[in-house]
Each structure stands twice: as C-alpha cells, then as structure tokens.
Asker: 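I'd like to ask some things about the structure below.
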Amino acid sequence: MHPTLPVHARDVTKSYGPNQALKGISLDIVPGEVFSILGPNGAGKTTFIEILEGYRARTGGDVTVLGVDPGQGTAAWKARLGIVLQSSGVFEKLTVEEVVGHFATFYPDPLPVDHVIGITGLAEKRKARCDTLSGGQKRRVDVALGIVGNPALVFLDEPTTGFDPSARRQAWEMVDGLTGLGKTVVLTTHYLDEAEHLARRVAVIVEGRVADIGTPREIGGRERATARITFRREGSLASTPFPLELEHHEAEGLVTLPATEPTAVVVALASWAREYGFEELPGLTVTRPSLEDIYLEMISEAPATGSKE
Amino acid sequence: MESRATTQPATRTAPSLVSLAFGRTRVELLQFFRQPEQVFFTFLLPVLFVVIFGTIFSDEIEGPAGVEPVPFSQYFAAGMIAAGVMSVTFASLASTVSMEQHDGTLKRLAGTPLPRSAYFAGKIGLALTTAVAQVIIILAIGVTFYDMSLPSEPGLYGLFAVVFLLGVASCSLLGITYTRLIKSANSAPAVVQPPFLILMFISGVFFVYSMIPAWLQGVASVFPLKWMVQGMRQVFLPDWVATEDYGGSWQTEWVLVVLVAWLVASFLIARFTFRWDRSGG
C-alpha cells in the first residue's frame with residue numbers, strides 16, 4: 001500500500017483462461033508527472049489501465065491507485081479519478097454545458113463548469129448539443145467530463161486519435177494545462193511524437209510485460225544508441241579512397257555510416273574534405289534514432305526474447 | 001504541486017442519493033423529450049390503438065340479463081392503460097438501457113462516483129413520468145370521444161394507484177433485467193417487441209379475455225401483464241365482467257401477489273446479472 005504514489009503496481013498479472021494477458025507489470029507513477037504507456041495493440045495496455053481504473057479485476061500482484069486497491073474502490077476513491085475513455089458519441093441530446101454540469105453534480109468538490117468548458121476549448125460550443133459537434137469537439141467533451149470532478153489522477157486513453165494536426169496541438173496544450181494544475185496524468189497513445197512531447201516518462205509494454213521505462217530521451221538506450229552520419233561524395237571526394245577504417249555504405253554518392261563517437265568521425269571527415277578543397281562536407285547529417293525507431297525496435301525484438309532482462 | 005490536495009481535507013460531503021436521483025431523472029427526461037420520434041411513437045401508438053379499436057368495435061359487451069352492458073372502448077382502454085405502462089417501462093427501458101450498455105454510456109458512468117442506484121432511479125423516474133402522461137392521454141381521449149366513464153368509488157382510485165405503481169416498478173426492473181438477453185444494441189427491438197406483442201395478445205388487451213383459450217390464459221398468468229390488465233379492468237369495469245371473464249372474482253390479492261413477486265424476482269436477477277459494460281469485446 002502506497003499512500004503517496006498515484007500508481008504503485010507490483011507483478012500485476014491477468015489471465016483469461018489459459019491466455020496470460022499480463023505477465024507481471026511493475027511500475028510506479030509519481031505525483032504531477034505525465035506518464036505515457038506505449039505498446040502495440042494486444043500488448044495488454046488497455047487491460048492494465050482498466051485494472052488501474054477499477055473496471056477489471058487482476059489475477060495476481062499488488063496495485064494501489066491513490067493509495068487504494070482499485071478492486072475495492074469506493075465512490076470517494078472514484079471522485080479523485082478522472083477517466084477519459086476511448087469511446088464517445090453519447091449524451092447526444094444534451095448541450096455541452098448541460099452534460100458537463102450534470103457530471104459535476106456527481107462529485108463532492110468539482111471544478112467550476114465554466115472553467116472546465118474554457119480550458120477544454122469549448123466556450124463557443126457551450127450551448128450546442130453534443131450531436132452537432134465535430135469529432136474533435138466531442139473528444140474535448142470526453143476530456144471535460146473526465147476532469148470536471150477535479151481529480152488528482154487523470155487517465156487519458158488515446159485522447160487525440162482522429163485529430164487533425166492543429167487539434168492535436170490544442171489537445172497537447174490542454175494536457176500541459178492539467179499538469180499545471182498539479183494533476184498526475186496517465187496517457188496511452190499510438191503517437192510517439194505525442195508521448196515524446198507530453199510525457200515525462202514512458203513505459204513500453206510488449207506481450208504483457210514492461211519492456212522498458214524511462215524518459216523519452218533515454219528509453220531503450222536511445223541516448224547511447226549509435227548515431228548515423230550521412231554525406232555526399234562529390235567532385236574530387238568521389239575519386240579518392242575512403243579515409244576511415246570504418247564500416248560504411250555507399251550508394252549513388254551517398255555515404256552512410258554508423259558511429260558510436262560521431263564527433264570524432266565528423267572531425268576526421270572534415271579534415272579529409274578540406275584537403276580536397278571542401279570547407280563544408282556536402283550534405284552532412286548526424287542523427288540519433290527517433291523515439292519511433294527505438295520503439296519499433298523494442299516491439300520487434302521483445303516478443304522473441306520474452307523479456308528485456 | 002500537492003498543496004491543493006493537502007490543504008483541502010475531505011470536508012466536502014458527497015452529493016446525496018436523493019439529489020442525484022432527481023438529477024438523473026431530469027437528464028433522462030431532457031434526453032427523451034428532445035427525440036421527437038421517440039416521443040411520438042411512445043405516445044402515439046397507444047392513442048392510435050384506442051382510436052382504431054374504439055372506432056371499429058363501437059358496440060357493447062353484453063353481460064348476463066339485467067345488467068348494464070359495457071362499451072367495448074371502456075373494456076379496451078382499461079387494458080390499453082396496462083399495456084401502455086408495460087410499453088414505457090419494460091419495452092423502453094430494455095431498449096435504452098441495452099443501448100447504453102453497448103455504446104459506453106454505462107461504462108463512463110461506472111467510472112464516476114455516481115451510485116449505481118441513482119442511475120436506475122433516473123430510468124424509473126423517466127418511466128414513471130411517461131407512464132403517467134400516457135394514462136392521462138388515454139383517459140382524456142377515451143372520456144372525450146368514446147363514452148368512457150371514470151370510476152365513482154374512491155377506493156377504486158386507490159386500487160388504480162397501487163396497480164399502476166406496482167406495474168411501473170415491476171416492469172421497469174423486468175426491462176432492466178431483460179437487457180441480459182440482448183446481445184447487441186441493434187438487436188434490441190427484435191428481442192423486445194415480439195414477446196411483448198405476444199403478451200399483449202394472450203393477456204386479453206385486444207380481446208375479451210374469456211375468448212382466449214385456457215392454455216394460453218395459463219401462459220399469460222405467469223407474466224405480469226395479464227394481472228395488470230385484470231387490475232385495471234377492476235378499476236374501470238363493473239363487477240359482472242369479473243364473473244364473465246375472470247372466473248368469478250377480480251382476484252385482487254393475486255394481482256398484488258404476482259406483481260410483487262415479479263418485482264422481487266427482477267430485482268434479484270438484475271442484482272446479480274446486470275452488466276455495466278458490453279461496449280468492448
């Protein structure tokens with residue numbers, strides 16, 4: 001039992017008959033952070049989140065959410081949670097103001113309805129019936145219903161699926177606003193840039209296990225991962241032998257080489273190019289793998305080994 | 001960052017169940033009355049039945065020698081009140097609750113501190129309101145256009161209230177329980193309407209009850225509608241009809257026993273089998 005941590009999970013398992021959907025998930029989520037849970041469909045993300053939300057019973061392990069076992073969650077406990085589900089399209093006949101106001105009455109200490117409508121960007125639509133809203137606006141109503149109770153912990157399940165780029169930016173600002181209010185946010189998403197932008201830490205769940213947990217910068221060894229250098233061999237550079245004893249690949253003048261110490265490699269390449277009259281190495285790029293590259297690598301290798309350890 | 005949580009101890013009390021039940025009823029009514037097609041069919045159908053049957057069967061039901069005959073419209077309207085109650089309770093709730101199980105509404109509500117009983121209270125509040133409105137409409141049309149007369153004995157109004165309220169309560173819970181048999185939101189009308197229509201026929205809503213074969217009467221006697229019809233006929237018809245149609249007496253005690261039994265059974269079954277979320281796989 002962990003009264004201070006919003007989420008504390010140890011060896012959480014879930015079986016459906018012979019199928020083990022969760023094979024032992026352990027993680028802690030600390031107050032005030034945005035914690036993102038990533039993973040391919042069927043990896044157990046939704047099962048795990050729904051155990052935290054109290055919708056599903058776990059098979060084994062220990063969980064506390066806001067200091068309470070979600071299997072024993074009371075109304076007072078639910079009043080401190082905000083759950084934004086994937087589904088929407090309900091309460092079609094009520095106006096935005098009516099439905100948010102109605103949900104506010106369920107809670108002992110709700111946020112002012114006007115304020116919630118404001119921060120979810122629905123002020124202009126407050127008198128509109130929900131069945132007249134666009135998909136993005138309906139999603140904002142979902143978020144408004146999830147936060148109107150002034151929760152300490154908010155679950156956002158794929159909050160921007162189906163959004164256009166500007167609506168996503170607005171949604172991101174809204175999530176930043178929630179953390180500004182001191183709330184802890186658990187975010188599931190399929191968009192890696194979204195996790196990278198919003199989350200302080202991410203967990204990748206693959207095949208019912210945590211493949212890794214860390215900041216978006218360091219997860220999967222991303223910081224130490226091999227960089228990739230590319231440049232073009234033009235003019236006199238093309239006719240000289242390659243100067244370094246390094247594994248490299250060349251196609252139609254474009255050279256690609258992995259580098260664990262990219263700075264040293266670039267320095268060596270630059271002095272070689274200068275000898276042949278190039279002050280600038282043509283078309284030079286140095287890139288680290290994106291979160292997406294790391295993620296795709298993790299989900300493709302993890303099933304084979306079963307676990308990262 | 002945590003200051004808000006620590007400086008605000010849990011002094012604010014949770015909203016009361018009574019205020020939540022009224023809030024839910026208000027929202028249910030708003031949603032209902034903003035769907036014109038739903039309002040139209042809920043109230044129009046029984047009205048159409050009364051008008052059509054009142055017009056086609058304009059003759060009277062003859063009793064034994066020496067008693068006043070009863071207009072068929074009087075006989076029929078009493079049954080239609082009972083069927084109308086079952087329509088806005090059992091049939092409406094089975095369909096709408098099933099829809100809310102499948103579209104995620106109930107899942108969303110289950111994730112809030114709203115007590116589950118408040119949700120059901122709202123549904124029953126809606127059913128009660130529409131049932132009252134429907135009774136008023138049927139009586140108004142019957143009295144105005146089809147020579148229907150209202151009971152003169154005050155005791156019969158008491159009986160009316162008891163049968164009406166027991167009917168609303170037991171058929172509402174039955175509708176909620178019945179959602180267990182509805183596998184998808186789209187199939188609701190197909191699963192709800194046929195049994196309801198059959199019950200209306202074999203419970204004597206459209207015919208003189210004694211015309212129905214004994215074995216079908218036996219089947220009807222298991223279900224609440226037959227007893228609601230019988231209770232309503234006791235309110236609106238002279239006692240000789242009981243002798244002719246219901247084997248000698250109105251069996252008021254059986255009306256109450258069967259309706260209470262359905263009420264208790266539906267409550268218990270719903271308590272253990274009701275699903276809050278059927279939106280997923």
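In this text the structure is predicted, and so the values were computed from the model without any measurement. The sequence lines fix the lettering, A, B, ..., with proteins before strands; numbering per chain opens at 1.
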Asker: Should the heavy atoms of other residues, nucleotides or ligands under 6.0 Å from CZ of F40(B) be counted, would the total exceed 12?
Answerer: no

Asker: Can you tell me which of Q31(B), M99(B), R26(B) forms the most heavy-atom pairs within a distance under 4.5 Å of chain A?
Answerer: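 When all of Q31(B), M99(B), R26(B) are compared, Q31(B) has the most.
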
Asker: Just wondering, more than 12 heavy atoms not from K123(B) lying within 6.0 Å of its NZ?
Answerer: yes

Asker: Is R58(A) atom CZ crowded by more than 12 heavy atoms from other residues, nucleotides or ligands, each under 6.0 Å away?
Answerer: yes

Asker: So with a 6.0 Å cut-off around CZ of F41(B), is the heavy-atom count from everything else above 12?
Answerer: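 Incorrect, the count does not exceed 12.
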
Asker: What part of F155(A) gets closer than 4.5 Å to chain B, counting heavy atoms only: side chain, backbone, both or neither?
Answerer: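 For F155(A), there is no contact with chain B at all, as no heavy atom is under 4.5 Å.
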
Asker: Inspect the surroundings of CD in E124(A) and state if more than 12 heavy atoms from other residues, nucleotides or ligands are less than 6.0 Å away.
Answerer: no

Asker: Any idea which heavy atoms bring A75(A) and P113(B) closest together, and the distance?
Answerer: O-CB, 3.3 Å

Asker: Take atom CZ of F33(B) as the centre, draw a 6.0 Å sphere, and report whether it contains more than 12 heavy atoms from other residues, nucleotides or ligands.
Answerer: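 More than 12 heavy atoms, drawn from other residues, nucleotides or ligands, come within 6.0 Å of this atom.
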
Asker: Answer yes or no: are there more than 12 heavy-atom neighbours, outside F267(B) itself, under 6.0 Å from its atom CZ?
Answerer: no

Asker: Where on L94(A) is there a heavy atom nearer than 4.5 Å to chain B: the side chain, the backbone, both, or neither?
Answerer: both

Asker: Between chain A and each of A110(B), S19(B), A118(B), P115(B), count heavy-atom pairs under 4.5 Å; write down the option with the most.
Answerer: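 The option with the most such pairs is A110(B).
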
Asker: If I measure from the heavy atoms of chain B, does R129(A) come under 4.5 Å with its side chain, its backbone, both, or neither?
Answerer: side chain

Asker: Does any non-hydrogen side-chain atom of E53(A) lie less than 4.5 Å from one of K107(B)?
Answerer: no

Asker: Please round to the nearest 0.5 Å and tell me the distance separating atom CG of D103(B) and atom CZ of F91(A).
Answerer: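 Nearest 0.5 Å value for the CG-CZ distance: 8.5 Å.
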
Asker: Less than 4.5 Å apart, side chain to side chain, heavy atoms only: is that true for T112(B) and Y107(A)?
Answerer: yes

Asker: Donor-acceptor pair, K78(A) side chain versus L114(B) backbone, under 3.5 Å?
Answerer: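 Not confirmed, K78(A) side chain does not pair with L114(B) backbone.
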
